[in-house]
Amino acid sequence: MEVRTRFAPSPTGYMHIGNLRTALYAYLYARKNKGVFILRIEDTDQARLVGDSVKVIYESLAVTGLEHDEGPDKGGPVGPYVQSERCPIYREYADKLLASGRAYRCFCEKHEKQEEPDEEQDGPILGYDGRCSRLSEAEVRANLAKGLPFVIRQKIDREGSTTFKDFVYGDITVDHKQLDDQILLKRDGFPTYNFANVVDDHLMGITHVMRGCEYISSTPKYLLLYGAFGWSAPEHIHLPHIMGPNGKKLSKREGSAALADLLGKGFLPEAILNYIALLGWNPGTEQEFFTKADLIEKFDIARIGKAPAMFDETKLAWLNAQHVKALPPAKAHELFLKFYPEAVVKGFDAVKLTGYIQGKVEKLADIPAMVVFLAKLEEQYSAELFVHAKNKTTLESSKATLAELQGILTALPAWDYASILAAVKGYAEAKGAKLGPVMWPLRIAISGQAVTPTGAVEIAELLGQPETLRRLSVAIAKL
RNA sequence: GGCCCCUUCGUCUAGCGGUUAGGACGCCGCCCUCUCAAGGCGGAGAUCACGGGUUCGAAUCCCGUAGGGGCCGCCA
């Protein structure tokens with residue numbers, strides 16, 4: 001049978017990283033099995049509609065390359081793919097349940113969520129007591145005639161229990177005493193998630209349902225619904241949560257919960273995908289670097305773990321650096337260009353710069369701070385930087401070295417990497433010194449920094465002869 | 001409160017009855033080197049949440065306990 005998976009986000013205005021991982025797994029599983037990956041928008045909560053949020057969903061899938069085969073924007077044989085456009089369908093199926101006696105109209109007041117379960121309460125919280133299921137036909141007709149608003153509830157027999165097999169968590173059994181007559185159709189005519197999800201997954205031919213593990217407890221209710229319709233249920237794959245640092249829920253406030261935040265920090269989409277794929281799944285080998293194609297090939301739902309994982313931005317940064325290194329030079333340059341300060345692009349050979357620092361960039365957002373020194377020497381840097389124990393440099397030795405170097409570099413006829421390196425090496429050899437004691441002061445002098453993204457010779461080459469000599473003078477004066 | 005689920009280095013994880021409990025990030029050290037980094041090598045870091053069983057033998061199986069998470073919405 002053809003595998004069909006779906007990503008069914010509700011339009012909240014941003015792409016949560018946990019949701020993105022759910023999408024990724026559903027995508028990978030579909031691709032791996034030559035199946036179909038569907039996008040469905042779950043916008044049944046009219047009170048929470050957020051303006052442009054469907055656009056955010058499209059953009060998120062596009063930037064990460066999780067392209068769907070069917071969806072609102074692409075069409076498909078089982079549309080519409082937006083739940084708010086499917087209301088007649090839900091109505092139709094609710095009526096079927098009404099007719100078969102598996103559902104009933106409920107005229108009760110809204111039952112608000114209980115924030116703090118009553119400490120005093122001894123027994124279980126029972127939920128809705130099902131009183132409207134006992135209304136006579138005449139009473140229902142009378143209420144309808146009065147125009148009383150109602151919801152449609154599924155009639156659930158509280159005897160017995162339901163056991164289902166989850167691919168990740170194994171056999172899960174829930175006692176029907178834990179269930180209540182869930183609402184299928186709300187007062188406003190829109191379906192609840194509980195109902196729409198079952199109807200749509202069935203009608204759309206979904207074979208494997210992947211979603212967060214918060215749905216485990218209510219899955220038996222959905223299964224009962226499949227049963228009430230006489231439908232066979234899809235496979236269920238519940239996923240453990242991704243936690244924030246401290247083991248708390250990954251929140252928008254921490255700045256790493258949304259895809260847009262991560263992108264803004266300069267993480268590559270492919271690195272983000274790679275990283276979140278590994279939160280809760282592993283290939284069983286020691287491979288950690290994955291391209292999307294690799295993931296499709298290696299992904300296996302049997303190797304999804306059960307324990308929640310904490311999101312660690314440090315490790316993401318490392319993985320991101322690996323992906324940056326793997327970029328074709330032209331692609332790297334195209335990306336880096338967006339982060340180079342204007343003065344750097346204008347005044348220097350940016351292509352060469354990219355080549356020099358590509359192996360050192362962790363996050364793209366770090367780039368501006370890494371390269372500004374090229375455009376402008378921070379002349380107030382401390383002379384103490386010249387003192388380096390390991391290279392045996394002091395203020396005095398640095399001054400002497402720099403003065404001699406300045407003479408040699410001034411006389412240098414060609415200003416390219418090889419020539420500069422040869423000149424510096426020749427100088428060191430002539431003095432019987434190692435390269436370190438010469439390179440260290442040179443690099444400090446022309447960068448004004450202890451840490452630079454590339455070596456002294458590369459920096460000198462990029463700066464050009466006049467600016468290199470000028471900076472040398474600044475340093476000599478300082479010393 | 002009821003029910004469901006989870007628990008191996010700080011973090012991500014391997015492990016599926018017999019291993020010196022392996023790898024990765026981070027951290028530390030060494031080497032290389034044109035500093036840092038990268039790269040290479042090495043180190044510290046886990047009484048496998050705890051307590052009972054079962055077994056010749058348990059991180060692995062069973063039962064409890066604790067801690068954490070989830071559900072108990074006309075939210076998804």
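Below, chains carry the letters A, B, ... as their sequence lines are ordered, and counting in each starts from 1.
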For this session: Taking ring pair (Phe, Tyr, Trp, His ring centres under 6.0 Å) as the test, write out the residues that go with A:F150, two or more places apart.
Result: A:F107
For this session: Name the nucleic acid region contacted by A:G305, choosing base, sugar-phosphate or nothing; use a 4.0 angstrom heavy-atom cut-off, strictly under.
Result: nothing
For this session: For nucleotides B:C12 and B:U19, find the distance between their P atoms and express it as a whole number of Å.
Result: 26 Å
Exercise. With rounding to whole Å, what would you report as the distance between B:G1 and B:A59 at their C1' atoms?
Worked result: 34 Å
Exercise. Looking only at atom P, what distance separates B:C9 and B:A21, rounded to whole Å?
Worked result: 15 Å
Exercise. In whole Å, what separates the C1' atom of B:G39 from that of B:U33?
Worked result: 10 Å
Exercise. In the strands shown, is B:A66 matched to any nucleotide by a Watson-Crick or G-U wobble pair with both distances under 3.5 Å, and which?
Worked result: B:U7
For this session: Describe the nucleic acid contact of A:A47 in one word from base, sugar-phosphate, nothing, applying a heavy-atom distance below 4.0 Å.
Result: nothing
Seminar exercise, completed: Looking only at B:G70, B:G15, B:C74, the nucleotide nearest the A:R303 side chain is B:G15
Exercise. Which residues pass the side-chain contact (heavy atoms from CB on, under 4.5 Å) test with A:S382, sequence neighbours left out?
Worked result: A:E384
For this session: Apply side-chain contact (heavy atoms from CB on, under 4.5 Å) to A:A430 and list each qualifying residue two or more places apart in sequence or on a separate chain.
Result: none
For this session: Tell me, with the steps shown, if A:D43 and A:R48 meet salt bridge (charged side-chain N to carboxylate O under 4.0 Å, His left out).
Result: CA-CA 8 Å; A:D43 60 344; A:R48 296 193 188 194; over 6 Å; no
Exercise. Which whole number of Å gives the distance between the P atom of B:A14 and that of B:G23?
Worked result: 15 Å
For this session: Using a heavy-atom cut-off of under 4.0 Å over every strand shown, decide if A:F311 touches base, sugar-phosphate, or nothing.
Result: nothing
Exercise. Taking the side chain of A:L279 as its heavy atoms from C-beta onward, which of B:C12, B:G70, B:G2 lies nearest to it?
Worked result: B:C12
Polar atoms only, N or O, under 3.5 Å: list the protein pairs with nucleotides 4-10 of chain B and their distances.
unit_1 : atom_1 : unit_2 : atom_2 : d
B:C6   : OP1    : A:K306 : NZ     : 3.4

Exercise. Within less than 4.0 Å of OP1 or OP2 of B:U35, is there a side-chain N or O belonging to A:N391?
Worked result: no
For this session: Quick one: label A:T285 by what it contacts on the DNA or RNA (base, sugar-phosphate, nothing), any heavy atom closer than 4.0 Å.
Result: nothing
Problem set entry | Partner nucleotide, any strand, of B:A14 [Watson-Crick/G-U, under 3.5 Å] | none
Problem set entry | Phosphate OP1/OP2 of B:C32 contacted by A:K434 side-chain N/O (<4.0 Å) | no
Exercise. Between B:C3, B:G73, B:G22, which nucleotide has the shortest distance from any of its atoms to the side chain of A:Q178?
Worked result: B:C3
For this session: Could you please name the option among B:U35, B:A14, B:C74 that lies closest to any side-chain atom of A:K110?
Result: B:C74
Seminar exercise, completed: Letter by letter from the 5' end, nucleotides 39-45 of chain B scores (B base, S sugar-phosphate only, - none; protein heavy atoms under 4.0 Å) S------
For this session: Take A:Q83 and A:W440, find for each the nucleotide of RNA chain B with the closest heavy atom, and name the residue whose nucleotide sits nearer the 5' end.
Result: A:W440
For this session: Please measure how far the P atom in B:G10 lies from the corresponding atom in B:C30, and state the result in whole Å.
Result: 25 Å
Problem set entry | Residues forming a salt bridge (Lys or Arg N to Asp or Glu O under 4.0 Å) with A:D175, sequence neighbours excluded | A:K177
Seminar exercise, completed: Between CG of A:L179 and C1' of B:G2 the distance, given in whole Å, is 13 Å
For this session: Measure from the side-chain heavy atoms of A:H241 and tell me the nearest of B:C12, B:G69, B:C74.
Result: B:G69
Problem set entry | Contact under 4.0 Å: A:T44 side-chain N or O vs B:A76 OP1/OP2 | yes
For this session: Would you mind classifying the nucleic acid contact of A:R211 as base, sugar-phosphate or nothing, using non-hydrogen atoms under 4.0 angstrom?
Result: nothing
Exercise. Can you name the nearest heavy-atom pair linking A:T454 to A:R443, along with the distance?
Worked result: O-CD, 4.2 Å
For this session: Run the salt-bridge test on A:D95 and A:R91 with the 4.0 Å N-O cut-off and return the result as yes or no.
Result: yes
Problem set entry | For atom NZ of A:K221 and atom C1' of B:C74, their distance in whole Å | 12 Å
Exercise. How is A:E458 classified with respect to the nucleic acid when contacts are heavy atoms under 4.0 Å: base, sugar-phosphate, or nothing?
Worked result: base
Exercise. Can you list every pair that meets side chain to side chain donor-acceptor pair (under 3.5 Å) and has a residue in residues 422-433 of chain A, with sequence neighbours left out?
Worked result: A:E404-A:Y427, A:Y427-A:K431
Exercise. What nucleotide, of B:C75, B:G23, B:A76, holds the atom closest to the side chain of A:E42?
Worked result: B:A76
Problem set entry | All ring pair (Phe, Tyr, Trp, His ring centres under 6.0 Å) counterparts of A:H241, not counting sequence neighbours | none
Exercise. Touch check for A:T452, heavy atoms < 4.0 angstrom, all strands: base, sugar-phosphate only, or nothing?
Worked result: base
Exercise. Mind checking the P distance from B:U60 to B:A24? Whole angstroms is fine.
Worked result: 26 Å
For this session: For A:Q358, report the nucleic acid contact type (base, sugar-phosphate, nothing); a contact means any heavy atom under 4.0 Å.
Result: nothing
For this session: Return the nucleotide paired to B:U20: Watson-Crick means purine N1 to pyrimidine N3 with N6-O4 or O6-N4, wobble means G-U with N1-O2 and O6-N3, both under 3.5 Å.
Result: none
Problem set entry | Test side-chain contact (heavy atoms from CB on, under 4.5 Å) applied to A:Q287 - qualifying residues, sequence neighbours left out | A:T285, A:F290, A:D294, A:K298
Exercise. How far, in whole Å, is B:G68 from B:C50 if one measures between their C1' atoms?
Worked result: 15 Å
Problem set entry | Closest-nucleotide 5' rank along RNA chain B - winner of A:P9 and A:H388 | A:H388
Problem set entry | Parallel, tilted or perpendicular: rings of A:F299 and A:Y25 (30°, 60°) | tilted
For this session: Just say parallel, tilted or perpendicular for the rings of A:F164 and A:H238, cut-offs at 30° and 60°.
Result: perpendicular
For this session: Go through B:C12, B:A76, B:U35 for me and flag the one nearest to the A:N194 side chain.
Result: B:A76
Exercise. Closest to the A:T192 side chain: B:G23, B:A76, B:C36?
Worked result: B:A76
